[in-house]
Amino acid sequence: MMGQGYTFTIEPGSFYSFEDEAALVEQCKAWGLLSEKAAKTKTFYYKGNGLNVPCSIIGLADPITAVIEFDNKQRHCIHPSYLKEMQASTFGRRVTALSDDSTEAEDAEPAAAVHAEVQEAQEAQVAQEEVQQVQASTPDEPAAEEPAASVPESKPEPTAKGKGKKEKIQLPEEKVKMTATVMEFTTVPNHFSDTDDEVIIYEAVAITEPEIELGSAWSSHSATLKKLDLAVGDVLTFEGKIVAKKLTKHPVPYKINNPAKLQKVTQE
């Protein structure tokens, strides 16, 4: 099979490749393929078409279509939920229990599952063509998120106050307590969706424990944040993870992920 190649694969056209493992882990969490506490990816297995072989997730054709790669470098489009089902030890197996001697399980992928994957792959192909049309109309448009310059592995250094240049700092890997002031509500383009992504830009962003001044940062304008009915100038306290990820077309170097325990500070 490896020499001849897999005949069932749906090769992706253009697709979004993950910049690094952090971006891959974040997307896998969104798809439910990794737990929220996961810090790195794992080996996934493709169990369709009578196979049980390892594969790697290398990108996405659209928000509901993952692109996986086998050991023989063939690529295949698959729905993340279907790939998640494949990770179960019981996937594709039916036990023959006609007698006490029937103890072996047969690999048998359900016909409905095969049909579902084919249908999903066809929908993914249509989505890819739409993405290509959008990209052709705006060839120089970057994705919604761009990785910022890598942060050197060094001891944390204090930041310069005021408008002077800031020293490079080492960001904590775990969630930390933070404060931030709402500066602007805006949108950024998303090539994998018909609508733009809503985001919030903050100023006076700081980590309270340990005390580190960051300046500006951004986050998605999630449903949880919308419940707070925020306005420009509102001050927030929360717990979240801060990562070096630049916002498209804005000089904002940091992103706030998964803010929790949100509180709006009342100003007198």
At their closest point, which heavy atom of P251 faces which heavy atom of S216, and how far apart are they? O-OG, 3.9 Å

Take L60 and V67 through the test side chain to side chain contact (heavy atoms under 4.5 Å, CB included) and record every step on the way to the result. CA-CA 5 Å; L60 71 161; V67 178; 5.6 Å; no

Is there side-chain contact between K264 and L230, with heavy atoms separated by less than 4.5 Å? yes

Backbone N/O of P63 and side chain of W31: donor-acceptor pair under 3.5 Å: yes

Which distance, rounded to the nearest 0.5 Å, do you find between the CE of M178 and the CG of L214? 5.5 Å

Pair Y6 and H76, ring centroids less than 6.0 Å apart: no

Would you call L34 and K42 a side-chain contact if the rule is heavy atoms closer than 4.5 Å? yes

V243-V252 co-clustered via ILVMFWY side chain contacts under 4.5 Å: no

Please find out if less than 6.0 Å separates the ring center of Y46 from that of F91. no

Where T41 and E21 come nearest, the two heavy atoms and their spacing: N-OE2, 3.0 Å

Would the distance check show the side chain of K246 and the main-chain N or O of Y254 forming a donor-acceptor pair, the cut-off being under 3.5 Å? no

Does one hydrophobic cluster hold both F238 and V232, with members joined at side-chain heavy-atom distances below 4.5 Å? yes

So, for A231 and D234, which heavy atoms are closest and what is the spacing to 0.1 Å? N-OD2, 2.8 Å

Whether the side chain of E213 engages the backbone of V205 through a donor-acceptor N/O pair (distance < 3.5 Å, no angle test) should be reported. no

Is the CD atom of E184 crowded by more than 12 outside heavy atoms at less than 6.0 Å? yes

Identify the two heavy atoms, one from G5 and one from N72, that lie closest to each other, and give their separation to 0.1 Å. CA-ND2, 3.9 Å

Check for a donor-acceptor pair, side chain of H79 on one end and backbone N or O of S81 on the other, with a separation under 3.5 Å. yes

Interatomic distance, CD1@I68 vs OG@S56, rounded to 0.5 Å, equals 9.0 Å

Output yes when K226 and E198 qualify as a salt bridge under the 4.0 Å nitrogen-oxygen rule, no when they do not. yes

Closer than 3.5 angstrom, by distance alone: can the side chain of K241 be matched with the main-chain N or O of E174 as a donor-acceptor pair? no

Between the side chain of Q87 and the main-chain N/O of Y45, is any donor-acceptor distance below 3.5 Å? yes

Taking it one step at a time, do R75 and E11 satisfy salt bridge (charged side-chain N to carboxylate O under 4.0 Å, His left out)? CA-CA 6 Å; R75 295 169 178 174; E11 291 284 342; 6.0 Å; no

Would you call P54 and D71 a side-chain contact if the rule is heavy atoms closer than 4.5 Å? yes

Rounded to the nearest 0.5 angstrom, the CG-CD1 distance for L171 and I242 is 6.5 Å

Closest non-hydrogen contact found for T248 with V188 is O-CG1, 4.0 Å

So, the side chain of W218 versus the backbone of K245: is there a donor-acceptor pair under 3.5 Å, distance only? yes

Enter the distance from E69:CD to I57:CD1 here, rounded to the nearest 0.5 Å. 12.0 Å

For K29, is the NZ atom crowded, meaning more than 12 foreign heavy atoms sit under 6.0 Å from it? yes

Taking it one step at a time, do L262 and L228 satisfy side chain to side chain contact (heavy atoms under 4.5 Å, CB included)? CA-CA 9 Å; L262 290 151; L228 296 178; 3.9 Å; yes

N49 side-chain N/O to L51 backbone N/O, donor-acceptor pair under 3.5 Å: no

Kindly determine whether V199 and F185 satisfy side chain to side chain contact (heavy atoms under 4.5 Å, CB included), including the steps that lead there. CA-CA 6 Å; V199 300; F185 298 91; over 6 Å; no

Answer yes or no: is there a donor N or O on one side and an acceptor on the other, between the side chain of K175 and the main chain of N257, under 3.5 Å? no

From CA spacing to verdict: side chain to side chain contact (heavy atoms under 4.5 Å, CB included), V265, L236: CA-CA 6 Å; V265 179; L236 295 176; over 6 Å; no

Heavy-atom pair with the smallest gap, counting every atom of A38 and V25: O-CG1, 3.8 Å

Can a side-chain donor-acceptor contact be found between Y202 and T181 if the only test is distance below 3.5 angstrom? no

Let me confirm one number: the CG-SG distance from L83 to C55, rounded to the nearest 0.5 Å. 5.5 Å

Could you tell me whether a side-chain N or O of K177 sits under 3.5 Å from a main-chain N or O of P210, the two making a donor and an acceptor? no

Atom pair NZ/CE of K47 and M86 - distance to nearest 0.5 Å: 9.5 Å

